[in-house]
Amino acid sequence: MRLSRYFLPILKETPKEAEIVSHRLMLRAGMVRQQSAGIYSWLPLGLRVLRKIERIVEEEQARAGAVQLLMPTIQPADLWRESGRYDAYGKEMLRITDRHERDMLFGPTNEEMITDIFRSSVRSYKDLPLNLYHIQWKFRDEVRPRFGVMRGREFLMKDAYSFDIDKESARHAYNRMFVSYLRTFERMGLQAIPMKADTGPIGGDMSHEFIILASTGESEVFLDKALLDLDTPAADTDFFADLSPIVEAWTTPYAATDEMHDETAFGAIAEDRRVSARGIEVGHIFYFGTKYSDAMNAKVATSEGTEVPVHMGSYGIGVSRLLGALIEAHHDDDGIIWPASVAPFHVGLVNLKAGDALTDGACEDLYAKLEAAGIEVLYDDTDGRAGAKFATMDLIGLPFQVVGGPRGLKDGLFEVKDRATGEKEMLSPEATLNKLVAALTA
RNA sequence: CGGGGUAUAGCGCAGCCUGGUAGCGCAUCUGGUUUGGGACCAGAGGGUCGCAAGUUCGAAUCUUGCUGCCCCGACCA
């Protein structure tokens, strides 16, 4: 992509409404624009990251056996009257009346609707297990939206719903999502720790929040250092084998958010392994049994021919929130530092003297070769000044910057800078291409 | 929903106390000089001063009401 034809509205100054670093950087880097409290337009750069995150989520959901569909944002109130939540939900639910005076709502979640889809089509245990998910915009009319996209009213969420014949099968479904989440966040360059969450009226041990560690995180968390050294399950993990050893390995060491914190249990850990840090919740999984299948009459036939309500679980990932969480975890004073897997572009190619035959020729040539190699390049072909170009590249945080200027190119060399480490080296076009291909194409 | 702020050009701000018809920096446009870490000079365009009443000869400025947005708390993906 040529910067001269792109839309990248950089801000030199920080809009005063932005308090936390991710919000500031997202506004300054031209990723989002606030339209109302907690409601954002996604500008091209931000949208690219959102799509990268979605793609990773989709790949890992597929690996774990979840099947994607898409439900609407607007739902009929009647479904929610069936479950009893239409009255229970409160003012966080945005209620809408259509032209026929029918009660509608902008969905804050989709348990009712997915249960409706399920019950209309699935009748037999032979169709189970089933896990259906979608990635869709939700709306919760928070009293106080804040922290930019981390606490928006409108937000993009992946929500999966599992259906099983009994609680034991539901546990397997739960474990599949558990393992899938470990992989999903790891691929985004995030260290996510599963922490036991409040199970409410359902009880049991099947509810976990996935918390990423970031020094600017919203809540305090406590954990055993052992968790930081665990290996993420491999891509070839058999999700339909017994996953409980993996889940056990990740749930045995102590880890808790401040609301679930047990000072005594934490104190029992060896002192040098106690970690207290700050975290951001990016995922939440839980089993809720037959709560909705009972209320909405979603039954399946067992092998004995009897009918039982289906056991369900739901599994959320805050996709738009992850943008903020990623930046909280990966930035410095100059701007964002994107992990390559979610970076809006892989490489920022800077032509320091646009219009000059030498730099134009060398940059155009490298640009074409990088793109041909499957590397996503933002090519700054504008005639701005060097300092401003460097500052912009540092701000938007692409993993690599390649600088083509008259000084280096008279010797045939580009300067390649690693955004994360700040390391720079002068390389020939061939060496530049090889280095970037090696670093960015797995 | 309680508490506290704030609203003046695209962004960041001053002006308000003590009413006299709006200004600064950045950004934008034009011309010139520059050119490897957010250049310089000269000129130009751009504002219903959040909205509505009121006081006054006169309101960005004083009064009242409303609204938007932000922060702290309670709540939450």
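To find a chain, count down the sequence lines: A is the first, B the second, and so on, and within it residues start at 1. Below, all heavy atoms of this structure are taken into account, side chains as well, without hydrogens, waters or symmetry copies.
For the P atom pair drawn from B/G38 and B/C71, the interatomic distance equals 32 Å after rounding to whole Å. With P as the reference atom, B/A44 and B/G25 are 13 Å apart, rounded to whole Å. Rounded to whole Å, the separation between the C1' atoms of B/U18 and B/U48 comes to 27 Å. Separating the C1' atom of B/C51 from that of B/A42 is a span of 40 Å, rounded to the nearest Å. Distance check on atom P: B/A22 versus B/G4 gives 36 Å, rounded to whole Å. A distance of about 29 Å separates the C1' atoms of B/U21 and B/G5, rounded to the whole Å. Distance noted for atom C1' between B/U8 and B/G50: 10 Å (whole Å). Nucleotides B/A9 and B/A14 are separated by 14 Å at their C1' atoms, to the nearest Å.
When the nucleotides B/C26, B/C70, B/G37 are ranked by their closest atom to the side chain of A/K12, B/C26 comes out on top. In the set B/G36, B/C1, B/G38, B/G36 carries the atom at the smallest distance from any side-chain atom of A/E415. Here the side chain of A/R151 is nearest to one of B/G37, B/C69, B/C76, namely B/C76. Ranking B/G36, B/G38, B/C69 by closeness to the A/I10 side chain, first place goes to B/G38. Checked against B/C76, B/C1, B/G12, the side chain of A/R140 finds its nearest nucleotide in B/C76. For A/K424, whose side chain is taken as the heavy atoms from C-beta onward, the closest listed nucleotide among B/C69, B/G12, B/G37 is B/G37. Side-chain proximity of A/L352 to the nucleotides B/G37, B/G36, B/G12 is greatest for B/G36. Distance from the side chain of A/R144 is smallest to B/G73 among B/G73, B/C76, B/C26. Of the candidates B/A77, B/G37, B/C1, B/G37 carries the atom nearest the A/A386 side chain, counting heavy atoms from C-beta on.
Counting non-hydrogen atoms under 4.0 angstrom, A/G316 reaches nothing in the nucleic acid. Backbone-only contact: A/K91 has heavy atoms under 4.0 Å from sugar-phosphate atoms and none from a base. Counting any heavy atom pair closer than 4.0 Å across all strands shown, A/G335 reaches no nucleic acid atom. A/P9 comes within 4.0 angstrom of no nucleic acid atom, judged by non-hydrogen atoms across all strands. The residue A/T109 sits apart from the nucleic acid: no heavy atom pair falls under 4.0 Å. When heavy atoms are screened at a 4.0 angstrom cut-off, A/G408 is found touching base atoms of the nucleic acid. Nucleic acid contact for A/K158: none, since no nucleic acid atom lies under 4.0 Å from a heavy atom of the residue. Across all strands, A/D159 comes closer than 4.0 Å to no nucleic acid atom at all (heavy-atom distances).
Ring geometry for A/F118 against A/F163 counts as parallel: the plane angle stays under 30°, on a 0 to 90° scale with 60° as the upper cut. Ring pair A/F210/A/F185 is tilted by interplanar angle, where 30° to 60° counts as tilted. Classification of the A/H23-A/Y40 ring pair by plane angle, with boundaries at 30° and 60°, yields perpendicular.
If you check distances only, the side chain of A/R28 does reach the base of B/G38 with a donor-acceptor pair under 3.5 Å.
Contact between the side-chain N/O atoms of A/K16 and the OP1/OP2 oxygens of B/U6 is not found at any separation under 4.0 Å. Look at A/S36 and you'll find a side-chain N or O under 4.0 angstrom from OP1 or OP2 of B/C69. The shortest distance between the side-chain N/O atoms of A/R385 and the OP1/OP2 oxygens of B/A39 is below 4.0 Å.
Once the 5.5 Å centre distance and the 30° plane angle are applied, the aromatic ring of A/F155 is found stacked with the base of B/A77.
Atom CZ of A/R24 and atom P of B/G12 are 13 Å apart (whole Å). For the pair A/R146 CZ and B/C1 C1', the computed distance is 13 Å after rounding to whole Å. Across the protein-nucleic acid pair, A/M150 atom CE and B/C70 atom C1' stand 16 Å apart, rounded to whole Å. If you take CD1 of A/I20 and C1' of B/C71, they are 13 Å apart, rounded to a whole angstrom. Taking atom CD of A/E19 as the reference point, atom P of B/G73 lies 12 Å away to the nearest angstrom. Here the C1' atom of nucleotide B/G36 and the CG atom of A/D356 are 13 Å apart, to the nearest Å. Protein atom CG of A/L27 is 14 Å distant from nucleotide atom C1' of B/G10, rounded to whole Å. Following rounding to the nearest Å, A/E142 (CD) and B/G73 (C1') show an atom-to-atom distance of 15 Å.
With A/Y161 as reference, A/N110 is the one residue of A/N110, A/L130, A/I117 to meet the side-chain contact (heavy atoms from CB on, under 4.5 Å) rule.
The minimum heavy-atom distance between A/E60 and A/S180, with the atom names listed, is O-OG, 3.3 Å.
Base-pair partner of B/G54: B/C62 (Watson-Crick or G-U wobble, both distances under 3.5 Å). With a cut-off of 3.5 Å on both pairing distances, B/G38 has no Watson-Crick or G-U wobble partner at all. In this entry B/C13 has B/G23 as its Watson-Crick or G-U wobble partner, both defining distances falling under 3.5 Å. Pair assignment for B/C1: B/G73, on the basis of Watson-Crick or G-U wobble contacts that are both within less than 3.5 Å. Searching all strands for a Watson-Crick or G-U wobble partner of B/A44 with both distances below 3.5 Å returns B/U28.
RNA chain B is contacted by both A/G404 and A/V143; A/V143 maps to the nucleotide lying nearer its 5′ end (nearest heavy atom per residue). When the nearest nucleotides of RNA chain B are assigned to A/M157 and A/Q401 by heavy-atom distance, the more 5′-ward of the two goes with A/Q401.
Annotation: cation-pi pair A/R95/A/Y86 present, NZ/CZ under 6.0 Å from the ring centroid and within 45° of its normal. For the pair A/R48 and A/F345, the cation sits on the ring face: its NZ or CZ lies under 6.0 Å from the ring centre, inside 45° of the axis.
Side-chain contact of A/H261 with A/Y254: a donor-acceptor pair under 3.5 Å is present, judged by distance alone. With hydrogens and angles left out, the side-chain atoms of A/S22 and A/E328 include a donor and acceptor closer than 3.5 Å.
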